[in-house]
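All remarks here apply to the structure that follows.
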Number of protein chains: 2
Amino acid sequence: MPTPPYRLIADELRRRILSGELAPGDTVPGENALVAQYSVAAETARKALGVLAAEGLTEARRGSGTRVREFRPILRQATKRLAAAQWAQGRSIWQADLDQRPMSVDSLTVTEQPCPEHVAAALGLEPTEPVWVRDRRYLVEGQAVMLSTSYLPARLVAGSAITAPDPGPGGIYARLAELGLGPVRFREQVRARMPLPDEAAALGLALGAPVVLIVRYAYSEDGLPVEVNEMVLDASRYLLEWEFPA
Amino acid sequence: MPTPPYRLIADELRRRILSGELAPGDTVPGENALVAQYSVAAETARKALGVLAAEGLTEARRGSGTRVREFRPILRQATKRLAAAQWAQGRSIWQADLDQRPMSVDSLTVTEQPCPEHVAAALGLEPTEPVWVRDRRYLVEGQAVMLSTSYLPARLVAGSAITAPDPGPGGIYARLAELGLGPVRFREQVRARMPLPDEAAALGLALGAPVVLIVRYAYSEDGLPVEVNEMVLDASRYLLEWEFPA
DNA sequence: GAGTGGTCTAGACCACATT
DNA sequence: ATGTGGTCTAGACCACTCA
């Protein structure tokens, strides 16, 4: 089974991208160029370009052309309190090129709802017990990079500033602490997969861009879960980090 | 800009999959069925099926058909020593369906090499100082699920069992401890992206399956990095977990 | 052998961006 | 206006699986 032409073309273009011959931002040879160069039908050239786009290496813009994408990740340090200077020795393999632009929030909504089934089990609630839901979207320079949905049991947080759009200084964890529920431990579970259409739309994702799903469980001193936070991240924009003792 | 037919067809099939009407393992309507049902050309029907495959929802097999994929993740608990029973309260949103089959290793190689540039900086080594490289592939029931490459400075580990294929009881961390380099802290950095062709081949990945990259840095009591471990995981097979204090 | 997915072609029309 | 990518068609050949 010989390698089909569209793959050979894709392989060649990929090689040129990974070798740096085609740098981030550069325009990749278009359909017409490939048709002329390799003597194939336009559809075949398109398919080759589609492979690169699906791999997340390029980004096509109608009317303009196809360009090499760049990877400038935001460093998310989940355990940053532990990241003492003494452990800073040893560079990161990826850390060269970090996106340091400030992050903002748009479309924040805070509502009281019956608890979704899958969250109820995690919070130890009855199926439709009320929860406060905090929904937000994070942007970097107008570009959405993360969606976040927090669930907090209504019977624990009712009447607190947690139910207000602005929970005040220190955020909801400071308010939880004031209620004697101060989270003392977190558990984060992480998956990666291709986005569903609505996720792709909400994050403005290019083709071939996977998402990272993080679910954070916050526990109080009693060992009770007090918050579940579901996050959806544009994988191409994030470098995630955890530190922990042996 | 009306939604093109191939997307409408894909949307409908996706709905049926996500609603559970088409369960994991079920056969999805094929090209011919879609051509007949929607009165479109075969290529258009194929493209619709291609969308689902690229989203990782289905898996096509030549001669057989296209089936709904299943997600049975392996739970990787990076900080499992911390996962005391007291914090076990609160179920996971995803934990319902874990893959509990045993993991095995094949194609283990241990060699001494000049240190690759990107690793040298992380280990604080001169550009081509020698390192021992431990390369392995992990399987679950014959299916590759993870690739792992460990780098250890030769001047630290030369002569120890770390340079042998079988490092003995407790693995390389036990040997490092005996050398007074026992890792006391770890840092893990995580990314997700689409696989390169060689990664896809080594892991036997289906189309539309992203990979998760993990780089683990192990630090000795002195704060010196003693190991860098680069891992490539089949994202569809893993659920990653970290626990940490507030 | 019938049915399935995988690839290719030649030609067509459209939407959009740049000049 | 020209060139770019996005979609569709009708027909073809191949490789594989399954009954």
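Below, chains carry the letters A, B, ... as their sequence lines are ordered, and counting in each starts from 1.
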Between [N] ([atom2]) and [X] ([atom1]): distance, integer Å:
X	N	atom1	atom2	value
A/L8	C/dC8	CG	C1'	14 Å
B/R61	C/dG3	CZ	C1'	15 Å
B/K47	C/dT7	NZ	P	15 Å
A/L13	D/dG5	CG	P	12 Å
A/L34	C/dC8	CG	C1'	16 Å
B/E59	D/dT17	CD	P	14 Å

Of the nucleotides [options], which has the atom closest to the [X] side chain?
X	options	result
A/R7	C/dC16, C/dC8, C/dT7	C/dT7
A/P4	C/dT7, C/dT4, D/dT7	C/dT7
A/R46	D/dT7, C/dG5, D/dT9	D/dT7
A/E31	C/dT7, D/dG5, D/dT17	D/dG5
A/L49	D/dG5, D/dT7, D/dT9	D/dG5
B/A41	D/dT9, C/dC8, D/dT7	D/dT9
B/R62	D/dT7, C/dT7, D/dA15	D/dA15

Below 4.0 angstrom from OP1 or OP2 of [N], is there any side-chain N or O of [X]?
X	N	value
A/T44	C/dT9	yes
A/Y6	C/dT7	yes
A/N32	D/dG3	no
B/T66	C/dG5	yes
A/S64	D/dG5	no

Under a 4.0 Å N-O cut-off, is there an ion pair linking A/E199 with A/R193? yes
Geometric cation-pi criterion, A/R76 with A/Y238: 6.0 Å, 45°: no
Rounded at 0.5 Å granularity, tell me how far CE in B/M103 sits from CD in B/E141. 12.0 Å
DNA chain C: 5'-proximal contact among A/P5 and A/R67 (nearest heavy atom): A/P5
Residue pairs involving residues 24-42 of chain B (criterion side-chain hydrogen bond (donor to acceptor under 3.5 Å, both in side chains); sequence neighbours excluded): B/E31-B/R46
Which residues share a salt bridge (Lys or Arg N to Asp or Glu O under 4.0 Å) with A/E70, sequence neighbours left out: none
